2 protein chains.
Amino acid sequence: MADQLSQVFAALADPTRRDIVARLAVADATVGELAAPYDVTVQAVSKHLKVLEGSGLVSRSRDAQRRPCHLEAEVFDLMTKWIERYRQEAEERFRRLDALLAGIEAQDMTTEPQRGEAS
Amino acid sequence: MADQLSQVFAALADPTRRDIVARLAVADATVGELAAPYDVTVQAVSKHLKVLEGSGLVSRSRDAQRRPCHLEAEVFDLMTKWIERYRQEAEERFRRLDALLAGIEAQDMTTEPQRGEAS
DNA sequence: TCTCTTGTCAACCGTTCGGTTGCAAACAAC
DNA sequence: GTTGTTTGCAACCGAACGGTTGACAAGAGA
């Protein structure tokens, strides 16, 4: 089985599953309730829920023959942590590049005439 | 073609592609450089890069026959915005539920003896 | 020129994915 | 009991995915 990060990203790569997550953020719901708005079979939605459950984004309890679905929002942290790490790394690098360019520009101004101007 | 959000999530659902993004956060690189650490063909990595490019996460320039890859970190915002929205919604709902339960508990304490204690 | 490097494109292969249908289990309600 | 509702499971189908091989284009350099 794939690592959880891969599973969470894969789970959210499908618009129907993102919509399910969006609705579960508002309130818990059963499979049938979740399936109602879409024009696919309940079984298809059940499969989507299994994917979401496998990723840890959704948990399910038991109420007679009903299986209420609940959003587990903590899993979001997994993604945001990964994203933030590399966003910061990229931004840090961008800042360094910026400083480097500023340095070169400053050096150019002292050692040679600017390009594109009267030469 | 799928919406960009789906494409970005799908792109990051693959460990190899996440690793490529991680390395591009440190420095731009060519296809060959990116492919070197993995034991897959250069063609496979080229395909991964096409997926990343399609999602907007990576852009490519031209240097003779080389194609340097550059990380476009702004696309991360798309994801974090989506995630934050529903995380907040879920947390808000959790707070309301918490308040509701606290209210019920307070009411119980004034109207009937606590369960599990001396009856 | 001829050669080597870098990268893409096209075709193919096996697996996974999102959907379907059909069937059965579990349970409520009559 | 029987009936109806909710859900899960297995099999199947077509499309997409991740990988391969092979051929080819574009440049650098002898």
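Worth saying up front: this structure is predicted, and the values here are computed from it rather than measured.
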**Student:** Looking at dG27(D), dT7(D), dC27(C), which one has an atom nearest to any side-chain atom of Thr30(A)?
**Tutor:** dT7(D)

**Student:** Whole angstrom is fine here: how far is it from OH in Tyr38(B) over to C1' in dG18(D)?
**Tutor:** 15 Å

**Student:** Look at atom CZ of Phe94(A) and say whether more than 12 heavy atoms of other residues, nucleotides or ligands are closer to it than 6.0 Å.
**Tutor:** no

**Student:** Val51(A) or Lys50(B): which one's nearest nucleotide on DNA chain C is closer to the 5' end?
**Tutor:** Lys50(B)

**Student:** Please tell me which of the listed nucleotides, dA28(C), dG7(C), dT7(D), lies nearest to the side chain of Arg60(B)?
**Tutor:** dG7(C)

**Student:** Does Arg62(A) or Asp39(A) map to a spot on DNA chain C nearer the 5' end, using the closest nucleotide for each?
**Tutor:** Asp39(A)

**Student:** With a 4.0 Å cut-off on heavy atoms, is Val40(B) in touch with a base, just the backbone sugar-phosphate, or nothing at all?
**Tutor:** sugar-phosphate

**Student:** Return no unless some side-chain N or O of His48(B) is found under 4.0 Å from OP1 or OP2 of dG19(D).
**Tutor:** yes

**Student:** Go through the steps to decide whether Thr16(B) and Asp19(B) satisfy the test side-chain hydrogen bond (donor to acceptor under 3.5 Å, both in side chains), and finish with yes or no.
**Tutor:** CA-CA 5 Å; Thr16(B) 303; Asp19(B) 196 57; over 6 Å; no

**Student:** Evaluate Arg18(A) against Ser6(B) for side-chain hydrogen bond (donor to acceptor under 3.5 Å, both in side chains), listing each step before the verdict.
**Tutor:** CA-CA 9 Å; Arg18(A) 278 202 308 279; Ser6(B) 296; 3.0 Å; yes

**Student:** Separation of Asp63(A) atom CG from dG8(D) atom P, in whole Å?
**Tutor:** 13 Å

**Student:** Strictly below 4.0 Å, N to O, side chains only: are Arg96(A) and Glu92(A) in salt-bridge contact?
**Tutor:** yes

**Student:** Can you measure Phe9(B) atom CZ to dA16(D) atom P for me and round it to whole angstrom units?
**Tutor:** 22 Å

**Student:** Tell me if the side-chain of Gln43(B) makes a donor-acceptor pair with the base of dG22(D), cut-off 3.5 Å, by modelled atom types.
**Tutor:** yes

**Student:** If I take atom CG from residue Asp3(A) and atom CZ from residue Phe9(A), how far apart are they, to the nearest 0.5 angstrom?
**Tutor:** 10.0 Å

**Student:** In terms of side-chain heavy atoms of Asp14(A), which of dC27(C), dA26(D), dG18(C) is nearest?
**Tutor:** dG18(C)

**Student:** Closest to the Lys47(B) side chain: dA11(D), dT6(C), dT20(D)?
**Tutor:** dT20(D)

**Student:** For the side chain of Gln65(A), counting heavy atoms from C-beta on, which of dA26(C), dG8(D), dT20(D) is nearest?
**Tutor:** dA26(C)

**Student:** Measure CG/Leu49(A) against P/dG18(C) and give the value in whole Å, please.
**Tutor:** 13 Å

**Student:** Looking at Arg67(B), does any N or O in its side chain come under 4.0 Å of the phosphate oxygens OP1/OP2 on dT6(C)?
**Tutor:** no

**Student:** Which nucleotide, dG19(C), dC27(C), dG7(C), lies nearest any side-chain atom of Val31(B)?
**Tutor:** dG7(C)

**Student:** Using a cut-off of strictly less than 4.0 Å, decide whether Thr41(B) has a side-chain nitrogen or oxygen near OP1 or OP2 of dT20(D).
**Tutor:** yes

**Student:** If you check every side-chain atom of Arg66(A), which of dA28(C), dT7(D), dG18(D) has the closest atom?
**Tutor:** dT7(D)

